[in-house]
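Okay, structure first, notes after.
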Amino acid sequence: MTVIGLTGNIGAGKSLVREILVELGAQAIDADLIAKELSEPGRPAYEQIKLAFGSRYFAQDGALERRFLGELVFSRREARLLLNEIMHPLILREAGERLQALKKAGAGLIVVEAALLPEIGLGGLADEVWLVEAPDEEKIARVCQRDGLNPEEAARRLDTQMTEAQTRPLAKRIINNSGSVEQLREIVTSLFNELSAT
C-alpha cells in the first residue's frame, strides 16, 4: 500500500490527476471536500467559524456563505491565518482517520489531495508527494472559468499559496499539466504503472 500526497496551486489540475488515479484504481481523500463537510451545521468547525467571523458570513438557513467568507480570507492575511488555525488541525485529524480506515480496508493506493498539503501537515501522512504544475496564466484562466472570478481575484488567491519553487523540493514526482487532458492522462497512467510495478 502506498499513500500519495497530491498537491499544487489552484488551477494546476490536481483534481483531474486525482480523478485519473481513481479511474486507475486508487482510493482518494480530498482535503477541500473534508473542509466543506467540517464547516456544515453541526460539524466541528461550524461554531468556531461563526464565533471567529460572525453570523454575517452565514445564510438565513444557517449555511456558511463560502464565497463571501472566501472574499475576506483571500484579501486579508489575518483572516486567512485565523481560518487556517481553525481548519487545519480538524482537516488533518479527519484525513488521518479516513486514511486509517482505507488502510484497514486493504486499499492498494491512496491519494490525499490538498492545495495546502505542506501547510496542513498532510505531507506527513504520505509515502511520497506528487506536485502538479502549470504556468500561472493557465492556472488563473482555469480558476476564472471554474469559479467565476476575474483575473485579479484569481491571481490574489494564487498569491496566497506556496509557489511551485517552494513546494518542488518536497515532491518526489512532478507532473507538468501545461498540455492537453490526453497528455496528462498519459503522464499519470505511466506514473501509476511505475508505482504499481514496485
Side-chain angles (χ1 to χ4, degrees), residues 5-23 28-41 43 45-46 49-50 52-88 90-91 94-95 111-120 122 130-167 175-185 188:
L6 181 64
T7 193
N9 294 138
I10 53 170
K14 298 179 302 303
S15 295
L16 184 52
V17 171
R18 170 179 46 82
E19 289 169 10
I20 295 169
L21 287 169
V22 168
E23 288 172 8
I29 296 171
D30 181 351
D32 283 347
L33 181 58
I34 289 175
K36 288 176 183 176
E37 292 173 356
L38 289 172
S39 56
E40 290 173 354
R43 298 302 304 276
Y46 183 83
I49 294 172
K50 183 174 278 189
F53 294 97
S55 58
R56 64 186 176 278
Y57 292 100
F58 293 80
Q60 287 187 342
D61 65 0
L64 175 64
E65 295 274 16
R66 299 180 194 285
R67 179 156 185 166
F68 188 25
L69 182 60
E71 291 173 1
L72 172 71
V73 300
F74 286 112
S75 62
R76 291 179 50 193
R77 183 174 181 271
E78 64 273 18
R80 187 168 65 257
L81 293 175
L82 178 56
L83 183 62
N84 289 346
E85 187 178 308
I86 293 168
M87 296 302 302
H88 287 183
L90 295 172
I91 294 170
E94 180 69 21
V111 183
V112 180
E113 178 198 348
L116 304 182
L117 190 90
E119 295 95 323
I120 296 172
L122 290 169
W130 292 13
L131 171 63
V132 185
E133 294 188 344
D136 283 356
E137 59 270 20
E138 287 191 30
K139 289 183 281 195
I140 289 170
R142 290 170 186 165
V143 172
C144 289
Q145 183 177 24
R146 182 190 70 197
D147 299 338
L149 303 177
N150 63 47
E152 292 75 22
E153 290 172 320
R156 189 162 59 243
R157 294 192 177 201
L158 183 60
D159 286 342
T160 67
Q161 298 181 340
M162 288 177 66
T163 65
E164 290 172 350
Q166 290 172 315
T167 310
I175 299 170
N176 185 317
N177 185 27
S178 58
S180 66
V181 174
E182 291 73 22
Q183 288 172 317
L184 180 64
R185 189 177 299 277
V188 175

Is atom CD of Glu65 surrounded by more than 12 heavy atoms (other residues, nucleotides or ligands) closer than 6.0 Å? yes

Counting only heavy atoms not in Glu23 (residues, nucleotides, ligands), do more than 12 fall under 6.0 Å from its CD? yes

Could you walk me through whether Leu149 and Phe74 pass side-chain contact (heavy atoms from CB on, under 4.5 Å), step by step? CA-CA 12 Å; Leu149 303 177; Phe74 286 112; over 6 Å; no

Backbone N/O of [Y] and side chain of [X]: donor-acceptor pair under 3.5 Å:
X: Glu113; Y: Ala28; answer: no
X: Glu138; Y: Pro135; answer: no
X: Thr7; Y: Ala115; answer: yes
X: Arg43; Y: Leu38; answer: no
X: Arg142; Y: Ala12; answer: yes
X: Asn9; Y: Thr163; answer: no

Are [X] and [Y] close enough that some pair of their side-chain heavy atoms sits under 4.5 Å apart?
X: Ser39; Y: Arg66; answer: yes
X: Ile175; Y: Val17; answer: yes
X: Asn176; Y: Glu133; answer: no

Should the pair Lys139-Asp136 be classified as a salt bridge under the 4.0 Å nitrogen-to-oxygen rule? yes

So, Arg157 and Glu153, do they make that salt bridge, N to O below 4.0 Å? no

Locate the shortest heavy-atom distance separating [X] from [Y]; write the atom from each residue and the value.
X: Gln161; Y: Leu116; value: CG-CD2, 4.2 Å
X: Arg146; Y: Ile10; value: NH2-CB, 4.4 Å
X: Ala45; Y: Leu90; value: CB-CD1, 3.7 Å
X: Phe53; Y: Leu72; value: CD2-CD2, 3.7 Å
X: Ile20; Y: Val188; value: CG2-CG1, 3.6 Å
X: Asn177; Y: Gly13; value: ND2-CA, 3.6 Å

So, taking the atom named [atom1] in [X] and the one named [atom2] in [Y], what distance separates them when rounded to the nearest 0.5 Å?
X: Met87; Y: Arg80; atom1: CE; atom2: CZ; answer: 15.5 Å
X: Lys36; Y: Ile91; atom1: NZ; atom2: CD1; answer: 11.5 Å
X: Cys144; Y: Glu152; atom1: SG; atom2: CD; answer: 8.0 Å
X: Glu137; Y: Ile140; atom1: CD; atom2: CD1; answer: 7.5 Å
X: Leu131; Y: Glu164; atom1: CG; atom2: CD; answer: 6.0 Å
X: Leu83; Y: Arg76; atom1: CG; atom2: CZ; answer: 12.5 Å

Going by side chain to side chain contact (heavy atoms under 4.5 Å, CB included), Ile29 matches just one of Leu6, Ile34, Val111. Which one? Ile34

Once the angle between the rings of Phe68 and Tyr57 is folded into 0 to 90°, is it parallel (under 30°), tilted (30 to 60°) or perpendicular (over 60°)? tilted

Trace of the side-chain contact (heavy atoms from CB on, under 4.5 Å) decision for Ile49 with Leu69: CA-CA 10 Å; Ile49 294 172; Leu69 182 60; 4.0 Å; yes

